[in-house]
Structure formats: C-alpha cells, structure tokens
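Written out below as structure tokens is the structure these notes cover.
Numbers for residues simply follow the sequence, beginning at 1.
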Amino acid sequence: MEIVAPGSSCREMLIRNPVLSKRAAVKSPAQTLRNNVYKLLESHGLTWGRDLECDLPRSWQRHGDLVVLSEDCFRDPVWGQLGNELWVSVASSLGAGRLAKQGRVMDDGVRSPNVTLLLGENGWVEHVDNGIRYTFDITKCMFSAGNITEKQRVASLSCHGEVVVDLYSGIGYFTLPYLVHAGASFVHACEWNPHAVSALKKNLVINRVSDKCHIHEGDNRQLTLSDVADRVNLGLIPTSEPGYPVACRVLKKDTGGVLHIHHNVDCYGKSQGETDKDVSQTWRKIAWRNWAELVEKEISAMLEQVDGKKWQTRTLRLEKIKSYAPHVDHVVLDLDCRPLPSI
C-alpha cells in the first residue's frame, strides 16, 4: 500500500484477481478469437507479433452455422503451421460449426464466388428474406444482401395475371419475389450456372411455387421464347446489355410491357470547385440519366427492328440500389415499352 501524494490520506492498493463487472467480463467475438489464437500459437511454440495481430479478421459474414471470413486475413505463412487446429479454434471463437474464407468473385461469365471451405463438409446455407427461403451452396453461388431493398420492391409490385421472364435468375433472387409476393401467374427463369440452377430448383420447391415456373437452363441468348412477357427482369451486373435483344423479343407484341434493367454506372467526374458531396448529389444522378437515355434509345431501336413497327418508351423509375465500388453505382431502370397503333 502506497501514499498517493504527500499529506494525502488516500492510499493506493493493489487488488489481486479483482472481480470484474459484468460488462468488463464479457468479451466480444473478436477478443475471444484473438485470445484463443494467441494461446494456440503459444502451445505450438510460435511467437505472437504485430504482423499476426494485423492479420486477424476484422469482419465476417454469418450464414447460420457457417461463418465466411474476409479475404484479407490469415495470409501469413505462420498460420499454416497450425493446421486444422487453427480453423477449429476460429470457428469455436465465433460460435460457428463451419468456416469458409472469401476470395474475389471470378470473372467467368457467371460471377462464381471464390469461397474456400476451411471447416465443414459442405457449403449449403439458408437465408430468409421477406418471408422467402433461399438455400444455396455458398462456395458455388452468389448471394448479395445489398439487393434486399430491390427484392422488397419487386415483392411489392402488382403482377397478378402477368407472365415474367427473368433473364438472369440465379438462385431465384427476383424470380421468387415475383411468384411469392407480387402475384405473377408464371415466370420463365433463365440461368446458365448449373450450381445456381440446382439451388433454384430447391428454392422453388421449398417456397411452394415450382408449378408456376419453368427453368430455361443455358445461355439466354439461345432462348426460343417470343411474344410472351408482360415484364422482363434483367438483373445482371456489371451489365445486362447482352440480354437486351432477348428482352425485346420476349415482350408481348400487342401490349408490350416493362423492362427492369440493372447496370453498374461509372459516376466518376468532378468539375472545378465541386466537393465530394456535390459529386454524390449531382454528378451521380447526371451519370445515371445519361446512361438511361442511351439505353432507352437502344431499346427503342431494337423493338422496332424486332417487331417492324414504332414503339413508345418512357422511364418509370431510375434508382440506385447500392454502391458497387468507388464512383460506381448499381442502378435499376424501369422502362415502359408499348407498341404504337398502326396508322
């Protein structure tokens, strides 16, 4: 016991093994992970250092009992000396039964995920969005949580009695909201990733709408459908432009319909004196409108070429779904397309 200051009646006392408050005693998953990995390294006679501290995951995604780590962690060769013990420890620290690590999306035409399963027998997971069940193999199929607002909007549409063609169905991101909530009478779902097709078949069954959907497996540019759709969904990014001719061909010739066109718009641009905030509020919307105007002209020309008569097109809605990358916005254009009466 020591005197704090001359003349003071206060004394400084060291309390051994103090009882921590409930808040202080509770450790975050990140703290638990750090402590457990530190102990594991020590047990193997390995030295803990700042480089390893910085190589721990700062974020992860949870899919039920499967946790997906970010790609920027556990890159140091030292971790390899711990073998499977490392992944068992990490999974236990994060309360997971299975573990995987994220990589960059593959540029293979189907945007396959580059996810490596580190612990567990398979990568099948299930998500529930807006009352719809999605099951898929996370190592084989993409799932974008950032599209939830657009899926909710699609679910709120009134599509009763309509036939929808979903040109890039995937595991059913938009196919299922059209059927389960929007009331579409039938959906033609196009998909060329066989793993996504497998998941889509399961999802149609578990959501009890398999009788209202036909899956067209393969390249949608080879689709033989025509003159069937009241609505076409073109949900591929960075661009769904290769699907424009197909979309024009499948629209009903007598009544037309609506195209929902997704695209990643490059919004980079800045005039002298503009702040970053100005750019986000003005230049971005200008970039969106410029893209939408070009698409509308392109679609109008295609419709006239396909049908041999004039069509009227107009923008119903142009909105940002999410930021895809710096200066790149994922937007969706709702384009109304109607044939003009012959004179």
Side chain of S198, backbone of P194: donor and acceptor closer than 3.5 Å?
-> yes
Ring centers of H262, H260 separated by less than 6.0 Å = no
Which atom names give the shortest non-hydrogen contact between V228 and K252, and what distance separates them?
-> O-CE, 3.3 Å
Please determine if D55 and R75 form a salt bridge, counting it only when a charged side-chain N lies under 4.0 Å from a carboxylate O.
-> yes
Compare every heavy atom of W87 with every heavy atom of L119, then report the nearest pair and how far apart it is.
-> CD2-O, 3.7 Å
Between S169 and E191, do the side chains contain an N or O donor and an N or O acceptor separated by less than 3.5 Å?
-> no
Using salt bridge (Lys or Arg N to Asp or Glu O under 4.0 Å) as the criterion, point out the one residue from K297, K310, K253 that pairs with E304.
-> K310
Salt-bridge test for E53 and R34: reply yes if a basic N is under 4.0 Å from a carboxylate O, no otherwise.
-> yes
Could you tell me whether R317 atom CZ has more than 12 heavy atoms of other residues or ligands within 6.0 Å of it?
-> yes
Does a sphere of radius 6.0 Å around OH in Y38 hold more than 12 heavy atoms from other residues, nucleotides or ligands, not counting ones at 6.0 Å or beyond?
-> no
Please indicate whether R58 has more than 12 foreign heavy atoms, meaning atoms of other residues, nucleotides or ligands, lying under 6.0 Å from its CZ.
-> yes
For the atom pair CZ (R338) and CG (L303), what is the distance rounded to the nearest 0.5 Å?
-> 11.5 Å
Decide whether H330 and E150 meet the rule of one side-chain donor and one side-chain acceptor closer than 3.5 Å.
-> no
